[in-house]
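For reference, the structure is listed below as structure tokens.
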Amino acid sequence: MAVDLVLDPAIRTWVFLPIVILVFTVGIMRHYAVLLLRREKKATAEQIQQRHYVARSRLLRVNGNILPPKSFEMRRQFHLDDNGFLANNSQPREMNLLDGPLNPEMFIGQVVNSLPTILIGSWINSTFSGFLTTRMPFPLTRKFAEMLQRGVTLTSLDASWVSSLSWYFLNVFGLQSVYALLLGEENAADSMKAMEEQTKMGAGLPMQDENAVIRAEWEALKIHKYQFKFGKGARKNTSVL
């Protein structure tokens with residue numbers, strides 16, 4: 001038989017609301033701490049030049065069929081020439097580990113996001129151990145008891161009661177919409193969302209070599225089959241292969 005309880009009103013004042021305020025405040029502080037620690041990476045002049053050359057080559061492949069054959073081949077040879085930009089920058093290069101998953105910024109972000117969650121959770125578990133904070137307004141099955149009653153081991157307790165530790169985690173996950181409303185969609189206040197994004201970034205995704213992108217574009221332009229869109233040259237195919 002489930003035990004029916006009546007909570008002391010002081011729990012609302014000294015446990016329920018303080019946990020909400022604490023989680024919300026830490027989230028706001030986390031957001032601004034990440035903004036202060038984040039260093040905006042600006043593209044160098046060399047990187048901008050590389051992107052422009054690759055963009056020009058792609059435009060030539062996509063829209064080059066409106067150019068006369070001689071004009072198209074002149075532009076293609078400009079990119080494919082041995083002394084051209086695409087050829088000179090298409091060789092693989094050694095990657096800088098600071099640009100990859102071992103980036104110190106990512107480590108700092110993980111500390112800022114995970115450390116407060118662990119510390120506050122441990123403090124709540126030790127300070128408010130065994131406290132019940134609120135009750136769900138609808139009945140729940142016993143399967144929800146493990147999720148909503150962490151730190152409380154009463155098998156006869158109704159599953160709709162929420163312990164202090166579970167209430168803390170519910171706030172950690174549930175305040176995302178409030179953060180998005182106050183700080184915008186791309187905020188760093190939600191620790192769970194931030195850790196998920198960092199996990200995806202460091203989950204072994206290969207680092208992108210810009211020279212590999214240039215080489216891929218060089219090869220694509222080299223094998224591209226040109227067909228003039230207008231006039232008698234519309235049926236004429238040319239290739240440098």
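Residues: numbered from 1 along the sequence shown. Values below: all heavy atoms of this structure, side chains included; hydrogens, waters and symmetry mates excluded.
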Checklist entry - With hydrophobic residues grouped by side-chain heavy-atom distances under 4.5 Å, do Ile21 and Ile19 end up in a single group? => result no
Checklist entry - Using 30° and 60° as the class limits, which term best fits the ring planes of Tyr53 and Phe78: parallel, tilted or perpendicular? => result parallel
Next on the checklist: By the salt bridge (Lys or Arg N to Asp or Glu O under 4.0 Å) test, which pairs, at least two apart or in different chains, include something from residues 56-67?
Outcome noted: Arg58-Glu217, Arg61-Glu217
Checklist entry - Nearest heavy-atom pair of Arg75 and Leu67: which atoms, and what distance? => result CD-CD1, 3.7 Å
Item to check | Intermediate values then yes/no, side-chain contact (heavy atoms from CB on, under 4.5 Å), Leu80 and Glu219 | outcome: CA-CA 9 Å; Leu80 299 180; Glu219 293 176 347; over 6 Å; no
Checklist entry - Does the side-chain contact (heavy atoms from CB on, under 4.5 Å) test come out yes or no for Ile120 and Val172, once each step is laid out? => result CA-CA 11 Å; Ile120 296 174; Val172 171; over 6 Å; no
Checklist entry - Do Ser163 and Ser166 have a side chain donor and acceptor closer than 3.5 Å? => result yes
Checklist entry - Given the rule in the side-chain contact (heavy atoms from CB on, under 4.5 Å) test, do Phe24 and Leu182 qualify, once you have shown the distances and angles that lead to the verdict? => result CA-CA 11 Å; Phe24 177 77; Leu182 297 177; 3.5 Å; yes
Checklist entry - Minimum heavy-atom separation for Thr134 to Trp161, with atom names? => result O-CE3, 3.4 Å
Checklist outcome for this item: d(Leu148 CG, Phe169 CZ) to nearest 0.5 Å is 13.0 Å
Next on the checklist: Which label fits Trp167 and Phe16: parallel for a plane angle under 30°, tilted from 30 to 60°, or perpendicular past 60°?
Outcome noted: parallel
Next on the checklist: How close do Ile11 and Thr133 get, counting heavy atoms only, and between which atoms?
Outcome noted: CG2-CA, 4.1 Å
Checklist entry - Under the side-chain hydrogen bond (donor to acceptor under 3.5 Å, both in side chains) rule, what pairs show up with a residue in residues 139-150, not counting sequence neighbours? => result none
